[in-house]
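So you know, we letter chains A, B, ... as the sequences are listed, proteins then strands, and number each from 1. Just so it is clear, the values below take in all heavy atoms, side chains as well, and ignore hydrogens, waters and symmetry mates.
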Number of protein chains: 2
Amino acid sequence: MGTDLMFKALADPTRRKILHILNDGEKSAGQIAEQFSISAPSMSHHFNILKQADLIYARRDGQQIYYALNTTVFQDLVTVVLDLLGAHISEREKSE
Amino acid sequence: MGTDLMFKALADPTRRKILHILNDGEKSAGQIAEQFSISAPSMSHHFNILKQADLIYARRDGQQIYYALNTTVFQDLVTVVLDLLGAHISEREKSE
DNA sequence: CATATAATTAGATAATTAGCTAAATACCGT
DNA sequence: ACGGTATTTAGCTAATTATCTAATTATATG
């Protein structure tokens, strides 16, 4: 569960904003990049880090590459955070 | 809610281990440092970053400085993560 | 008050990283 | 096959950061 890559990926505000944008569905690299004043290669760099951290996945459709949140990994992240907290979640609580 | 400082603080594995150690109650700087092969000043640096991120707080007792988790900020962290996920938590769910 | 202990602050250095431009790759339409 | 668009890869640089040693601050005790 690459915890280190995950937290390092989340440490950058640009990358957190990318994740936020992906909240309402997948978007192409270009559509995402539009919302930043950062060069395309720099954006690509961020996509790559998010991908390595398994926070997003990529799918090519024609000329575009579409990115989407990997929501299952966010569940893992919540688990890690709760573990840092030492929260002991009962089975009942986990499933509801 | 210093989100950026919080994630940056969590990006380092040494700091995450410190938080883990603090799970079972407050400990002095020295007691924590024992469990690492890192110089005391470096440890102090990490404590400072965790403190600025509001993830821990410090209390002096004689010669020792005792650190403890600031658990309320972890709750905020979970909220931020869930928000990145786009989870829409109802008021009822929040309060239980 | 002098010394010892706990921890910090100051200052330096090596490694990491976010950003850039230029070049390459992949796909589309004519 | 060629020209155009979308995106990535390569290579560089400036800024950040984790670590160190040396010096400082704060407290306790004989």
Whole-Å gap separating [atom2] ([N]) and [atom1] ([X]):
| X | N | atom1 | atom2 | value |
| --- | --- | --- | --- | --- |
| Lys8(B) | dT17(D) | NZ | P | 6 Å |
| Arg15(B) | dT19(D) | CZ | P | 8 Å |
| Ile49(B) | dT16(D) | CD1 | P | 14 Å |
| Phe7(B) | dT17(C) | CZ | C1' | 19 Å |
| His45(B) | dT21(D) | NE2 | P | 16 Å |
| Ile38(B) | dC20(D) | CD1 | P | 6 Å |

Quiz prompt | Ser28(A) side chain reached by Arg60(A) side chain, heavy atoms, under 4.5 Å | solution =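 When only atoms from C-beta onward are counted, Ser28(A) and Arg60(A) do not touch, as no gap falls below 4.5 Å.
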
Quiz item: So, do Leu77(B) and Val81(A) sit near enough that their side-chain heavy atoms are less than 4.5 Å apart?
Solution: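 When only atoms from C-beta onward are counted, Val81(A) and Leu77(B) do touch, with a gap below 4.5 Å.
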
Quiz item: Which residues, if any, of residues 50-66 of chain B bring a heavy atom under 4.0 Å of DNA chain C?
Solution: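 The answer is Gln63(B), Gln64(B), Ile65(B).
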
Quiz item: Where along residues 25-32 of chain B does a heavy atom fall under 4.0 Å from DNA chain C?
Solution: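 Heavy-atom cutoff 4.0 Å gives Ser28(B), Ala29(B), Gly30(B).
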
Practice problem: Start with the C-alpha distance between Ile21(B) and Gln31(B), add both sets of side-chain angles, then the distance that settles side chain to side chain contact (heavy atoms under 4.5 Å, CB included), and finish with yes or no. | Solution: CA-CA 10 Å; Ile21(B) 288 169; Gln31(B) 289 174 318; over 6 Å; no

Quiz item: When all nucleic acid strands are considered with a 4.0 Å heavy-atom cut-off, which category describes Asn48(A): base, sugar-phosphate, or nothing?
Solution: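 Contact class for Asn48(A): none.
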
Quiz item: Can Leu5(B) and Leu55(B) be said to form a side chain to side chain contact (heavy atoms under 4.5 Å, CB included), step by step?
Solution: CA-CA 10 Å; Leu5(B) 287 178; Leu55(B) 289 166; over 6 Å; no

Is [X] close enough to [N] that one of its side-chain N or O atoms is under 4.0 Å from OP1 or OP2 there?
| X | N | result |
| --- | --- | --- |
| His46(A) | dG19(C) | yes |
| Ser39(A) | dG19(C) | no |
| Ser42(A) | dG19(C) | no |
| Tyr67(B) | dA6(C) | no |

Quiz item: Quick one: does NZ or CZ of Lys17(B) land under 6.0 Å from the six-membered ring centre of Phe36(B), within 45 degrees of the ring axis?
Solution: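 Checked: cation-pi criterion met.
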
Self-check item: Over all atoms of both residues, closest heavy-atom pair of Tyr67(A) and Ile56(A)
Solution: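 Heavy-atom minimum between the residues: CD2-CD1, 3.5 Å.
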
Quiz item: Closest heavy-atom contact between Ala33(B) and Met43(B)?
Solution: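 Between these two residues, the closest heavy atoms are CB-CG, 3.9 Å.
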
Quiz item: If each of Pro41(A) and Phe47(B) is mapped to the nucleotide of DNA chain C with the nearest heavy atom, which maps nearer the 5' terminus, i.e. the 5' end?
Solution: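 Comparing both residues, the 5'-ward one is Phe47(B).
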
Quiz item: Is there a donor-acceptor contact under 3.5 Å from the side chain of Asp61(A) to the main chain of Gln64(A)?
Solution: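 Not confirmed, Asp61(A) side chain does not pair with Gln64(A) backbone.
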
Exercise. Using modelled atom types only, decide if a donor and an acceptor are shared between the side chain of Asn70(B) and the backbone of Asp54(B) within a distance under 3.5 Å.
Key: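 Yes; at least one donor-acceptor contact below 3.5 Å.
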
Quiz item: Side chain of Thr14(A): nearest nucleotide among dG19(C), dA18(C), dT19(D)?
Solution: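 Of dG19(C), dA18(C), dT19(D), dG19(C) is nearest to the side chain of Thr14(A).
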
